[in-house]
Amino acid sequence: MLELLHAGRRNVDEIWVATDLDDSPVVAEIVDLARARRITLNEVSRRRLDAEATSEAPQGVIARAAPLRPVELEDLIDGDGVPFLLVLDGITDPGNLGALLRTAEGAGVSGVVLPRHRAARITPTVAKAAAGAIEHLRFAQVGGLPAALQTLGEREVWRIGLDGSARDQLFDLKVADEPVALVLGAEGRGLSRLVRERCDQLVSIPIVGNLESLNVAAAGALACYEVVRHRGTV
């Protein structure tokens, strides 16, 4: 909620606050920002607020806001700076998607590419797991990831897929400081065949313990910050 108001990218029609909500600096800041922007504030009962909320445990504050507006894939490529994209292939778990988006924003990812079908969408549950990151990230929704990856390749963006069976390791990545798109697959099946074939390089994360792999959110965090490390932005 707070990041929604700080980012200022979406119109907010009204904000509801539960009448039994304890005082907190965060809620006070939300109220102050809403009043400064002349957003309608309504105090309602907890029962009414919970019934209206579209996510679990809304924590006593909800907002009615305009939907997120995706951009074209070309807009992500042509944005300011060297493109640093995250391409998500069939992530279906809302918690993982939210965690990936939170990591992406923290790592300075310039855009996220999502499939329109057979994957989790940016729902209120995902937005909550992302902790406000969706208000700062730019998204492109595409009909098919293989075609999108082909476009990225034609525009000289390196397409790096994470694959547990790859011989090359993430930590030996040589192109991280160039235009790059990290491609992550769903848990279990990983990258789909056509998506894998469109990648310029497949890399793995070395596992030295007893588990076979990391979940996609943890793997994505390592990959994003490996790009950050190579780019010298930390």
Side-chain angles (χ1 to χ4, degrees), residues 3 7 68 70-71 73 75-77 79-115 119-120 122 126-142 145 148-149 152-153 155-164 166 168-187 190-191 195-196 198-208 211 213-234:
E3 295 305 322
L68 288 170
V71 302
L73 178 62
D75 293 333
L76 297 184
I77 302 170
D80 296 336
V82 180
F84 175 14
L85 307 181
L86 189 64
V87 180
L88 302 180
D89 179 18
I91 306 297
T92 57
D93 182 271
N96 280 336
L97 178 55
L100 283 166
L101 297 180
R102 184 173 186 176
T103 294
E105 203 287 322
V109 165
S110 56
V112 179
V113 183
L114 300 169
I122 301 179
V126 171
K128 185 174 181 180
I134 65 167
E135 305 302 336
H136 302 281
L137 288 168
R138 296 199 301 164
F139 302 89
Q141 288 186 317
V142 298
L145 283 182
L149 288 169
L152 292 175
R155 297 292 301 274
E156 299 184 344
V157 177
W158 286 96
R159 302 156 299 181
I160 307 300
L162 263 67
D163 187 316
D168 295 337
Q169 291 192 6
L170 169 67
F171 305 121
D172 296 325
L173 192 60
K174 304 299 183 185
V175 298
D177 55 350
E178 299 181 38
V180 66
L182 295 175
V183 189
L184 306 181
E187 291 210 38
L191 298 173
V195 165
R196 182 183 286 105
R198 291 290 197 279
C199 290
D200 298 300
Q201 184 182 6
L202 298 175
V203 297
S204 62
I205 296 171
I207 301 295
V208 297
L211 298 180
S213 64
L214 302 174
N215 76 11
V216 67
L222 282 170
C224 284
Y225 276 95
E226 182 64 8
V227 172
V228 171
R229 186 181 71 83
H230 275 276
R231 293 189 173 194
T233 52
V234 292

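All values below come from the heavy atoms of this structure, side chains included, with hydrogens, waters and symmetry mates left out.
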Closest non-hydrogen contact found for Leu101 with Ala133 is O-CB, 3.5 Å
Between Val109 and Cys224, what is the shortest heavy-atom contact and its length? CG2-SG, 4.1 Å
How far apart are the closest heavy atoms of Asn215 and Ala218, and which atoms are they? OD1-N, 2.8 Å
Please confirm whether the backbone N or O of Leu149 pairs with a side-chain atom of Arg198, one donor and one acceptor, at under 3.5 Å? no
Got a donor-acceptor contact below 3.5 angstrom from the Arg231 side chain to the Val82 backbone? yes
Which atom of Ala7 lies closest to which atom of His136, heavy atoms considered: CB-CE1, 3.8 Å
Gln201 side, atom CD; Asp168 side, atom CG - distance, nearest 0.5 Å: 4.5 Å
Looking at side-chain heavy atoms only, is the closest gap between Leu97 and Leu114 below 4.5 Å? yes
Locate the shortest heavy-atom distance separating Ala186 from Gly90; write the atom from each residue and the value. CB-O, 3.0 Å
Does the side chain of Phe139 reach to within under 4.5 Å of the side chain of Leu76, using non-hydrogen atoms? no
All heavy atoms of Ile122 vs all of Ile134, minimum pair found to be CG2-CG2, 4.0 Å
Rounded to the nearest 0.5 angstrom, the CD1-CD distance for Ile160 and Glu226 is 11.5 Å
Counting C-beta onward and ignoring hydrogens, is there a side-chain heavy-atom pair between Val203 and Leu162 closer than 4.5 Å? yes
Just how far is it from atom CZ of Phe171 to atom OG of Ser204, taken to the nearest 0.5 Å? 9.5 Å
Starting at CG of Asp75, measure out to CZ of Arg138 and round the result to the nearest 0.5 Å. 6.0 Å
Which distance, rounded to the nearest 0.5 Å, do you find between the CG of Leu88 and the CG of Leu182? 10.0 Å
Using side-chain contact (heavy atoms from CB on, under 4.5 Å) as the criterion, point out the one residue from Val157, Val183, Val180 that pairs with Leu152. Val157
Spacing of Leu184 atom CG and Leu86 atom CG [to the nearest 0.5 Å]: 5.0 Å
Would you say that Leu202 contacts Leu191 through its side chain, given a criterion of any heavy-atom pair below 4.5 Å between the two side chains? yes
Using the side chain to side chain donor-acceptor pair (under 3.5 Å) rule, collect all pairs that involve residues 98-115, keeping only residues at least two apart or in two chains. none
